[in-house]
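FYI, side chains are in, hydrogens and waters are out, and symmetry mates aren't considered; it's all heavy atoms of this structure. No experiment lies behind these values; they were computed from the predicted model shown.
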Amino acid sequence: MNVMIIGGGGREHVITKYISRNPRVTKVYALPGNGGISQYAECVKISAEDIEGIVNFAKTHAIDFAIVAPDDPLALGAVDKLEAEGIKCFGPTQEAAKIESSKIFAKELMTKYNIPTAKYKVFSSIDDALSHAATSDCPIVIKADGLAKGKGVTVAENFKEARDAIIACMKNKTFGKSGENILIEECLKGPEVTVLAFTDGKTIIPMISSMDHKRAYDGDKGPNTGGMGVVAPNKYYTPEIADYCMKKIFVPTINALNSEGRKFKGCLYFGLMLTQDGPKVIEYNCRFGDPEAEAVLPLLESDLLDIMLAVRDERLNEVNVKFKDGASCCVVLASHGYPMLYLTGYEINFGEAESLPGVEIFHAGTKLEDGKFFTAGGRVLAVNAVSDDLASAREKAYEAVSMINFEGMSYRTDIGTK
Ligand code: AMP
Ligand code: GLY
C-alpha cells in the first residue's frame, strides 16, 4: 500500500513513524515532510497548502491512502478533492472541517444542539464590537472567526487589551479575512483538557486525555504558542468527567454534525475547560493537535493505520482501540525567540538522548543535510518519554533534553508540574 501524508511537523513525524510499522505499507511519501520524517518517508517538496500539487502527485504515484494532518489543507478541501479522484483519505471534508475553520460556525452549532460552551456574541462591525467590549466586565475573550495559525485568540484582562485585539482583527486585518468577523466570549476558568477522538461519523472513540502548555515560558507566562509541551493523561480528567463529556459533548457533537449534513471522519479535537459549572468546549479542531499527537499516540497500543483505514471506511466499531497504561511527558525544544522572530540553520546534537528507553524524539522543524540535522523552524523537536507514571516520564523526558543541544535552544522546564 502506498501512503501519502500531508504536513511537515512533529505531529506528522509521529504519525509517519507509526504507520510505517504496518506490514501492509510498501512506500510512504510526505508532502513536504521534514528532516526527521525523511527517516521513514520520501519527502516531496510540495507545500501542504498546494492542493492541486497534492492531488496531481497522488494521481501520478499510485497513492492508495492519504492522511491529511494539518488544518489548512483540510479547510481548503484537500480530502474532497482527493476522494473525488478515488483516493481514500483520513481526515474530514471541507464542510466538516468548518468546525475548526469557522469559530462562529462552531459556536452556532453548539448553541443549536445544546453543547456546553462559553457565552458569546458575534460581531461584523468594529464599532459594535468596541462598544460591547467597553461595557463588558473583563477579562473577556476576543477571537478571530477563521484560521490564524493559533494566534487569533486574545484573553483580554482589560478594555485596552480588548480594544487592541479588536483593532488588530477588524481594522489592521492582521489575520486577513479570518478576522473580518469576530467573537467576543465570556472568559471561563478552570483546568484545560484536550481530548482527541477517532470518529467515522457513527462511532466516536476518545483517546487518552492530555494537557497542552500553550504559553511560551515557565509558569504559563509569555505569548501563546502552538504548544510547548504536553502531558498525557490529564490528571483533572476523571472517569466521571469523561463519562459526562461522552454523553453531553462528544456524542452530541457527532450527531449535530450529522444533522447538519457534515459527517465528520478523522480525528476530532475537543479543547475543554473544566469549569465550576461542568466541562465546556473552548474550541474544536478538525485534526490531531500538535504537540498533543506526540504525547498521546506513543501510548496507543493498537495499530494506527488500521484505525485510520477503519475510520475512512466507517467501520470504526469493528476495531479494538487500546491504549497502554502509563504516562507521557513531551517537551518541545524551540528556537530562541519563538513564537516571534528566530534564526534557523543550526546543527542539532542529540548526544545519547535517542537511546534512552521510552524516549522518542519527533522533529517539528528540522532539515537533514549530509547526514546531519539542522534547525529549520520555531518549534524544532518534541521530546517525548513514556513511563509508568507522570513523575518518571517527566524525569526521563528532561534527562533526554539535557543531552540535546543546538544554538539558541529554548524550552519550558515546568512541563507536567501542574
Ligand atoms: P484557541 O486558539 O481557541 O486554542 O485558544 C487559545 C487559548 O485561549 C485556549 O487554550 C484557552 O487557554 C484560551 N481561551 C479560549 N477561549 C477561552 C474562554 N472562553 N475562556 C478562557 N480562556 C479561553
Ligand atoms: N496544540 C494545539 C493545537 O494543535 O491546536
Side-chain angles (χ1 to χ4, degrees), residues 1-74 78-79 81-83 85 87-91 266-267 287-298 300 302-309 311-312 330 344 348 350 354 359-377 379-384:
M1 177 186 275
N2 292 333
V3 183
M4 170 175 90
I5 175 152
I6 311 304
R11 166 183 56 204
E12 289 76 21
H13 186 167
V14 63
I15 295 172
T16 309
K17 180 175 177 184
Y18 291 176
I19 61 157
S20 304
R21 291 176 179 167
N22 188 304
R24 290 159 71 189
V25 172
T26 40
K27 174 93 186 169
V28 186
Y29 296 96
L31 283 59
N34 66 29
I37 294 172
S38 68
Q39 301 169 102
Y40 309 93
E42 183 178 329
C43 295
V44 183
K45 281 202 177 91
I46 294 179
S47 128
E49 280 113 71
D50 175 6
I51 308 303
E52 209 185 303
I54 290 168
V55 174
N56 284 336
F57 181 87
K59 278 166 50 185
T60 48
H61 289 77
I63 299 299
D64 302 295
F65 192 57
I67 299 163
V68 185
D71 47 353
D72 287 313
L74 291 166
V79 167
K81 293 190 179 116
L82 287 163
E83 288 273 356
E85 296 292 341
I87 297 151
K88 291 187 175 193
C89 293
F90 178 85
C267 173
R287 51 171 175 84
F288 286 98
D290 188 349
E292 285 92 336
E294 293 97 298
V296 172
L297 292 178
L300 179 66
S302 316
D303 183 86
L304 178 61
L305 185 63
D306 286 345
I307 299 171
M308 289 179 154
L309 290 165
V311 164
R312 158 59 181 76
C330 178
T344 61
I348 306 167
F350 292 90
E354 282 168 303
V359 169
E360 288 178 286
I361 300 171
F362 303 111
H363 294 216
T366 71
K367 64 178 181 209
L368 182 61
E369 266 173 24
D370 301 328
K372 291 178 179 166
F373 289 107
F374 295 88
T375 65
R379 289 191 291 178
V380 177
L381 301 171
V383 179
N384 190 64

Check salt bridge (charged side-chain N to carboxylate O under 4.0 Å, His left out) between [X] and all other residues, then give those that pass, not counting sequence neighbours.
X    : value
D303 : none
K81  : none
K59  : E85
E83  : R312

Residue list, side-chain contact (heavy atoms from CB on, under 4.5 Å) with [X], at least two apart or on another chain:
X    : value
L300 : L297, S302, L304, I307, V321, F323
A364 : R379
N2   : T26, K27, A62, I63, D64
A66  : M4, L82, I87, C89

Holding to ring pair (Phe, Tyr, Trp, His ring centres under 6.0 Å), I want the full list of residues that pass it with [X], two or more places apart in sequence or in another chain.
X    : answer
Y18  : none
F65  : none
F374 : none

Can you tell me how far [atom2] of [Y] sits from [atom1] of [X], rounded to the nearest 0.5 angstrom?
X    : Y    : atom1 : atom2 : result
E12  : F288 : CD    : CZ    : 10.5 Å
E292 : R287 : CD    : CZ    : 8.0 Å
I67  : R11  : CD1   : CZ    : 12.0 Å

Begin with the C-alpha distance, continue with both residues' side-chain angles, and end with the deciding distance and a verdict on side chain to side chain contact (heavy atoms under 4.5 Å, CB included) for V311 and F90.
CA-CA 7 Å; V311 164; F90 178 85; 3.8 Å; yes
Mind checking what makes side-chain hydrogen bond (donor to acceptor under 3.5 Å, both in side chains) contact with D72, not counting sequence neighbours?
K149
Set out, in order, the CA-CA distance, both residues' side-chain angles and the distance that settles side chain to side chain contact (heavy atoms under 4.5 Å, CB included) for M1 and L305, then state yes or no.
CA-CA 11 Å; M1 177 186 275; L305 185 63; 4.1 Å; yes
Minimum heavy-atom distance between A69 and L74, given as atom pair plus value
O-CD1, 4.3 Å
Can you label the angle between the H363 ring and the F350 ring as parallel, tilted or perpendicular, going by 30° and 60°?
parallel
